[in-house]
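Encoded as structure tokens, the structure appears first; notes follow it.
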Amino acid sequence: VKVGQQHYRSIWRDGDVFIIDQTRLPHHFAVQALESLEDVYTAIRDMQVRGAPLIGATAAYGFALGLAEDNSPKGRRHAMQRLRSARPTAVNLAWALQRIDRLLDTQPPGDWYATALTEAERICDEDVAVNESIGMHGFEILRDVANAKPGKTLNILTHCNAGWLATVDWGTALAPIYRAFDQGIDLHVWVDETRPRNQGAALTAWELHNHGVRCTLITDNAGGHLMQTGQVDLCIVGTDRTVANGDVCNKIGTYLKALAAKANQVPFYVALPISTFDPNIRTGSEVPIEQRPGEEVIRVAGSDEQGEAGSVQICPTGVNAANPAFDITPAKFINGYITERGVLSRADLADIGN
Ligand code: MRU
């Protein structure tokens, strides 16, 4: 994706590994080098990088950096365990680490670092190709819905950030939107702010706005009203883990949007690479849900009139806050799963698991 005149991926290697520090967006575009296993662990834990596919890609580089520090079997185990513990919900983290770990089994320790590094790069390149393909399949859905209302704007609602910042490039939920926009479809996106960390406001709105896609930021509570009054043609969201029965784990608040969509006959799609599908878990209730600090609910981050970043407290001192970061949308609320293999049904997904 282009930022200004320069093309960026959300992670890249140029000697060191570089990321865009997403905790500083949209106010500052800051590139940061990751030089060690601990740098990578911290970047994932503190959400400088986030979004399921990008967490996986970053962890893959982290594994290589860990092996550069210690390429003994103990070092390999440590790197794997440390990175795995950075965040619990997105399955891409374990997926990327396991993929590299299996490959290392076939190599002598002296080759582990180079093998892991090459595989991390392959994971990144594949992610870009997979998302481009998700974009093409999802585009067909958007085109069909747009064709059904000629001369009118196509209104799409999305939650959290499943754009290029959540992946290596393109995004999952936003890939079809970028493609449809680039193909000249008249569209507009309702962007849920996505409290408490505001990935919608800070990241999705920033991405779409940069690309020239017309979008409107809304509070997390507005979606139901917009759907009820016919202002949403379809919803597309990403996922951190979609399981064998088709249940979808995604950013907290996704479930409420799916309920509202079902009640108002608004199609609800989930976009995901197959690497986010976890056939080892049967139903959504078994997915580990990340519980984040209450402090994220108590305080809101932003920038003041002078452009200085900071945060303000929004409730009385001493109030308790709960902060479950993800929820489960049951498969029965989902119209289709947009993957690199096409738009799949719940039954198609179950087949992949077998
Ligand atoms: O907590 P985050 O910002 O990592 O959560 C991200 C999401 O919920 C995304 O929707 C999901 O990872 C899909 S990303 C293509």
Side-chain angles (χ1 to χ4, degrees), residues 1 9-11 19-23 25 43-59 86-96 127-128 130-135 138 157-178 191-207 220 235-242 248-258 268-278 284 287-293 296-297 301 323-329 334 337-340:
V1 162
R9 284 183 173 188
S10 59
I11 188 165
I19 57 159
I20 298 160
D21 181 351
Q22 299 191 23
T23 60
L25 286 171
I44 296 173
R45 186 200 58 195
D46 294 350
M47 296 178 66
Q48 291 174 300
V49 289
R50 26 68 52 205
L54 181 57
I55 290 172
T58 312
R87 287 190 77 191
T89 302
V91 72
N92 300 62
L93 178 58
W95 169 85
D127 187 62
V128 178
V130 157
N131 295 330
E132 213 173 337
S133 177
I134 288 173
L157 183 142
T158 192
H159 190 69
C160 195
N161 171 263
W164 68 269
L165 286 167
T167 64
V168 179
D169 207 346
W170 282 99
T172 56
L174 295 195
I177 294 174
Y178 285 129
V191 178
D192 283 351
E193 60 177 347
T194 318
R195 277 279 287 147
R197 289 187 65 99
N198 291 323
Q199 289 96 325
L203 307 177
T204 301
W206 181 79
E207 272 193 31
D220 290 323
C235 303
I236 312 184
V237 299
T239 168
D240 287 78
R241 196 188 295 236
T242 288
V248 166
C249 178
N250 192 47
K251 181 53 56 191
I252 193 81
T254 303
Y255 171 47
L256 282 175
K257 294 302 136 70
F268 192 94
Y269 287 94
V270 177
L272 72 152
I274 296 298
S275 56
T276 305
F277 177 58
D278 184 354
V287 178
I289 301 289
E290 179 177 21
Q291 304 292 326
R292 294 193 58 86
E296 291 182 350
V297 180
N323 189 8
F326 296 93
D327 63 22
I328 304 297
T329 298
I334 295 159
Y337 303 84
I338 308 170
T339 75
E340 66 270 33

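Counting starts at 1 for both ligands and their atoms, in listed order.
At the shortest separation from atom 15 (C) of ligand 1 among protein heavy atoms lies Thr172 OG1, 3.0 Å. The protein atom (non-hydrogen) at minimum distance from atom 7 (C) of ligand 1 is Asp240 OD1, 3.2 Å. Counting protein heavy atoms only, atom 14 (S) of ligand 1 is closest to Ala166 CB, 3.5 Å. Nearest protein heavy-atom neighbour of atom 10 (O) of ligand 1: Asn250 OD1, 2.7 Å.
Side-chain contact check for Arg50 and Asn161: at least one donor-acceptor pair (N or O, by modelled atom type) lies under 3.5 Å. Between the side chains of Asn92 and Thr276, at least one donor N or O lies within less than 3.5 Å of an accepting N or O. Side-chain atoms of Asp192 and Thr194 form no donor-acceptor pair, as typed in the model, at a separation below 3.5 Å.
In this structure a side-chain-to-backbone donor-acceptor pair under 3.5 Å is missing from Asp169 to Val128. In this structure, the side chain of Asp21 engages the main chain of Thr23 through a donor-acceptor pair within 3.5 Å.
By the 3.5 Å distance cut-off applied to N or O atoms, Arg87 is counted among the residues near ligand 1.
Look at Arg292 and Glu290 and you find a salt bridge, because one of the NZ, NE, NH1 or NH2 atoms lies within 4.0 Å of a carboxylate O, short of that distance. Salt-bridge formation is detected for the pair Asp278/Arg241: a Lys NZ or Arg NE/NH1/NH2 atom is positioned less than 4.0 Å from an Asp or Glu carboxylate oxygen.
Interface atoms of ligand 1 facing Cys160, defined by a heavy-atom separation under 4.0 Å, are 5 (O), 6 (C), 7 (C), 8 (O). The distance from ligand 1 to the heavy atoms of Lys251 drops below 4.0 Å at these ligand atoms: 1 (O), 2 (P), 5 (O), 8 (O). Per-residue contacts place Gln199 under 4.0 angstrom from the following atoms of ligand 1 (heavy atoms of the residue considered): 1 (O), 2 (P), 3 (O). Close contacts of ligand 1 with Ala52, meaning ligand atoms under 4.0 Å from a residue heavy atom, involve 12 (O), 14 (S).
If you look at Met47 next to ligand 1, the close heavy atoms, those under 4.0 Å, all belong to the side chain. At a heavy-atom distance under 4.0 Å, no atom of Leu272 approaches ligand 1. Under 4.0 Å from ligand 1, the heavy atoms of Asn161 that appear belong solely to its backbone. With a 4.0 Å cut-off on non-hydrogen atoms, Pro53 touches ligand 1 through its side chain and not its backbone.
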- Would you check, one step at a time, whether the test side-chain contact (heavy atoms from CB on, under 4.5 Å) holds for Gln199 with His159? CA-CA 9 Å; Gln199 289 96 325; His159 190 69; over 6 Å; no
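One option in Arg292, Glu290, Arg50, Arg197 has a heavy atom closer to atom 3 (O) of ligand 1 than any other, and that option is Arg50.
Across every non-hydrogen atom of Lys257 and Phe268, the tightest pair is C-CE1, 3.9 Å.
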